[in-house]
**Q** 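Handing you this structure, nothing more for now.
Per chain, numbering begins at 1; letters A, B, ... match sequence-line order.
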Amino acid sequence: MKKSYKISPSLQALIITFFALLAILPFVYMSLVSLTQKEILDFSFDPATFSFINYVRVFRNFNILVNFKNSLIVTSSACFFNALISSMAAYGFAKKRFAYRNQLFALYLATLMIPAQVTLIPVFVIIRSLGLMNTYPALVFPILNAFGVFLVRQFMVNVPDELLEASRIDGCNELRVFFQVVIPLIKPVLISLTIFTFITSWNDFLWPLVIASRPNMKTLTLAIAALKGNYSTNYGLVMAGSTITFLPPFLLYIVLQRQFIAGIALSGIKG
Amino acid sequence: MKIHRNEAKHAMLFILPSLLLLITFSVLPILMDVYFSFTKYNIIQKPEWVGLANFSRMFKDQYVWASLKNTTLFTLFTVPVQTGISLVFAAWIASHFQNRYGRVVKSALFIPVIASAVLVGTLWSMLLTPRGPVNTMLGLLGLDTVNWLGGKISSLLSVSMVSVWKNIGYFLVIFYAGIMDIPASHYEAAKVDGATGLQQFFYITLPSLSSVTYLVVTLGTIWSFQVFDIVYTMTGGGPGLSTVTLVLTIYNAAFKEYNMGYASAVALLMFLFVIIIQALQKSLVRTGREDS
Amino acid sequence: MKKRVVLLGLIIVLMVASMLFAGGVSESTVQTPGSKKADILLWLPPFGTGDSLDMDFWTKTLAPWAEQNNVNLTIEITPWGGYEEKYLTGFASGQGPDVGYMYLEMFNDFIEMGTLEDIDQFFTQDEKNNYLYWTQGTIKGGQYALPFIVGNPRIPFFNMDHLAKAGVTELPTTWDELVDCLLKVKQANIPGVMPFAQEWADPAIGALNNIFYPYLWQAGGDIYNEEGTKVVLLENDAAIRAAQFLHDLRFKHQVLTNESLALSGNGIREAFMKGNIAVASMDARSGVRLTEAGINWDFVPSFEDTTKAIWVASDSLVMNSASKNKEIAASLMKYITSAPVMEAYHTSIATFPPITKDEAYNDNPRFKDMFDNEYMYFRTLPVAEGAFKVMDVLYKNLQLMMLGDLSPKKAISNTVDYSKSVLGN
């Protein structure tokens, strides 16, 4: 009889469920703590004492709406420009031929290996000399990087050249070909890229910390960080802040989930 | 395909914006780092030329050697484990759970990806305390409790596992998408030939996923070299030098010693190291492909 | 087709416009025409915990001063995370605060960089005399700091219930008495209770303030020489003795358990609050939390080896040397540290002992005696070049020692070697 190495679907489900629970439990814990006034991090909860007062405190005591606005502006600008600029570059790499194309793309890939801490100070020096401290562009543009180009290019390889030819024959200039033919076809991967960019720029801490030195330019992540005291900690307050910061990217993902997966799926990366 | 006039010119127009950004925020900074690595610089006063002093300190510095070692170990653990788990889960979900349960589980696993690394490090520091839930669970199973954050090997293991935990959902989605792309006809033909599930996995799924796997491994390797926030919040590099990583060393040099010069030197070392690893990976893949 | 292009174009224009015009204010708030208000920027870190938060407190408290001095005061509460980065880049970009807050580890470098103003000239002799800790702020030959939070000493806490069960009647005051006390607690074998605990698994080097420096100083040693130019851990045997003492607590007397080595500073406090520790060193402010948790605790200010020594925090207000309104900045510093403001701060935001002679004592009454009579044993961290790195190396080597990997002698000599070879002193 053939030895069966098969793991039955129910066992598979068990293992996967275990990991899924492991994935969400810390965040469940975070939300539960946010409803308490805990000063010790333990696992005893008294549901009778749950309240939303910490959330009220966060909103009342901080310039939260301004911070929220800043985060929204920075993040949505980053998403928009990343989508635009990356797809333009991806179009150039995928659909045009020119000298040194592969070498240039290799340069793009090389820059992905550079961690943010390494470029923080030089970029800071650059921004400072351009006189762009405390401006939205300074917060947005350093976020855009080669990852978007890489991702979109994979997808764009599958856009049929015949379609592009056809519209050129119809008399469209390059810009129209790009915006009217290419962009609609790559929507799924743009959505995926938007989600990635949203998560990265929303959670960004160190860069906004050094660039947005004025209170009215602070992002939400920064403002929440100021909740954590040094000697005594009201964990409930800190977790309420963390939960507030966590929710927007989470909700975005929930809403755009299907397109997100489709975007990576159809990118033909199995290529 | 007709080669159009001005094709190169058009290409440059489209690439220009991103190229400008790349040069300004990636290439130029690296060049500046090269310059800084020969100086003593605290960004408030002018850089002071010190020649090779930073490099000679670097070669003597046990922190740097420990960083290389730990970062390598960390990568050797994290990348295979997260690649393996996410691949296997993707295969399972694709074959048996293309339903609501599958979608829920994929979302749940993606949640750690959404959270910031700082939040993840903070939460897990709490869960890994001596009498925290993880040790309590081990106790219930009759096992010894572990000093997760204070032991030499266990600390490195802890940060590795937390990193894997954070990344599984991301790579799972990528693998899943890749599997979805495999034409069903391939599997049907195999079933007709009498192939088992496991055989289908090894002879159809895996080969079709070769470039996806390459992407996952490459991204995973790059990210694991850049690990910082998780280590910073959970162990600070200790105990001893057990969890000191390259970026942590760079960060401390830059912002605790105010020594951008030394930080840049270590950064260049790291950059070099990553490129070597990538080149190694590429040649491994190439020989792999030549063999098969 | 055309509509979509137009729509897209409109969106792009809107986004770019909103970015360029809606934000990016590099100057502070809009000034009413004709007013000649001075702009002052104040950075303070968070200490409040919930009911009263710092921003609220300072805005309300400083409003009268701002009004009186015709000042546009912008207050920012800067998070503890990324603290040095913020100050570094703030000063480097000319966007630093007029008045800020720094802790000891920052002083050497920021003074060397020329970013801090010597404020001696802005204070009269009477004013200087009123400050209890004025001389603490004289660093590297200049008055670069106005001590603002001096206190929160790290002291050994005792759970008196556990000590009673173990038959300990008097609080230990010397190292030997401490060992005796801990051995008795160990013998009493109270379930779930650690005799002694130290936060060797804490990620930050500040842990050493609780777990090593007091012992180092009590043994008569120090990290640096008086000028801060040389690492003197091996000049006498104090460092090795202190390290050996801790090593013995773990391996010889075994009163420092495995579990206690896996805790962070917060973990220790919380375990103590739950009654799981008999003796541990914590910051004085934990006393309040222990009382709230119903723990019957007591303390001694310091153990005595060759001498007594108590680690004390010394954080200060600083003035930006590039400030355009130094006189006004000085006035703000004086106002913040004035008795009424400090009394309000110490009652509603964070309890610390007084910093001026005319301020009432609002810290925990149990510590008043210590502040009155033991202050001569207060010690603060050194201000020296490369101090962070040396302390980091020291911490990491001591961690290995506590794990049994290094002997105390090796741990200390490794630190000195590293300092000599890699750092050059």
Side-chain angles (χ1 to χ4, degrees), chain A residues 37 39-42 53-54 57-58 60-63 69-70 73-74 76-77 80-81 84 120-121 124-125 127-128 131-140 175-176 179-180 183-184 205-206 209-211 213-218 222-234 236-237, chain C residues 1 4-5 8 11-12 15-16 18-20 22-29 41 43 45-56 74-82 85-86 88-90 92-97 152 266-267 269-271 273-274 283 285-286 288-289 292-293 313 350:
Chain A
Q37 306 304 313
E39 292 184 343
I40 303 185
L41 281 178
D42 60 13
I53 183 99
N54 287 320
R57 282 189 187 127
V58 173
R60 195 168 37 111
N61 279 288
F62 293 85
N63 212 358
K69 173 193 102 177
N70 289 332
I73 293 181
V74 171
S76 46
S77 307
F80 173 77
F81 283 106
L84 179 66
L120 186 85
I121 288 299
F124 168 78
V125 172
I127 295 283
R128 174 180 65 172
L132 287 176
M133 291 287 300
N134 277 309
T135 60
Y136 285 124
L139 283 169
V140 172
L175 270 184
R176 284 188 73 176
F179 280 107
Q180 291 179 12
I183 291 275
F205 174 72
L206 207 51
L209 180 75
V210 305
I211 283 295
S213 56
R214 296 283 154 145
N216 59 336
M217 286 300 290
K218 273 166 109 163
L222 279 187
I224 297 295
L227 280 175
K228 193 155 182 261
N230 212 19
Y231 296 122
S232 31
T233 319
N234 179 341
L237 191 64
Chain C
M1 273 298 190
R4 277 202 219 151
V5 175
L8 187 64
I11 295 178
I12 297 179
M15 299 237 58
V16 174
S18 73
M19 268 183 49
L20 293 179
V25 187
S26 48
E27 297 305 305
S28 66
T29 49
L41 179 61
W43 284 3
F47 276 104
T49 53
D51 277 327
S52 43
L53 293 174
D54 302 76
M55 189 59 151
D56 219 20
T74 313
I75 306 173
E76 188 176 341
I77 304 296
T78 54
W80 291 109
E85 292 88 303
K86 186 152 175 72
L88 188 65
T89 51
S93 61
Q95 311 259 350
N152 205 13
N266 280 343
R269 182 187 310 117
E270 287 158 20
M273 279 163 78
K274 285 204 202 149
D283 63 313
R285 294 181 72 222
S286 297
V288 163
R289 316 272 301 280
E292 281 166 10

**Q** Taking all heavy atoms of A:Phe124 and all of C:Ala92, pick out the closest pair and write down the distance.
**A** CE2-CB, 3.7 Å
**Q** Ignoring hydrogens, what is the shortest heavy-atom contact between A:Leu209 and C:Pro79? Give both atom names and the distance.
**A** CD1-CG, 4.1 Å
**Q** Which region of C:Ala271, side chain (C-beta onward) or backbone (N, CA, C, O), has a non-hydrogen atom less than 4.5 Å from a non-hydrogen atom of chain A, or is it both or neither?
**A** neither
**Q** Could you tell me the separation between the CD1 atom of A:Ile211 and the NZ atom of C:Lys86, rounded to the nearest 0.5 Å?
**A** 10.0 Å
**Q** Sort out for me which of C:Thr89, C:Leu41, C:Thr78, C:Leu88 touches chain A most, counting heavy-atom pairs under 4.5 Å.
**A** C:Thr89
**Q** For a quick test of reading the model, state the closest non-hydrogen atom pair linking A:Arg128 to C:Ser93 and the distance between them.
**A** CD-CA, 3.7 Å
**Q** Check A:Lys218 against C:Ile77 and note the closest heavy-atom contact, atom names and distance.
**A** NZ-O, 3.2 Å
**Q** Pick one of side chain, backbone, both or neither for C:Ile75, based on which atoms fall under 4.5 Å of a heavy atom in chain A.
**A** backbone
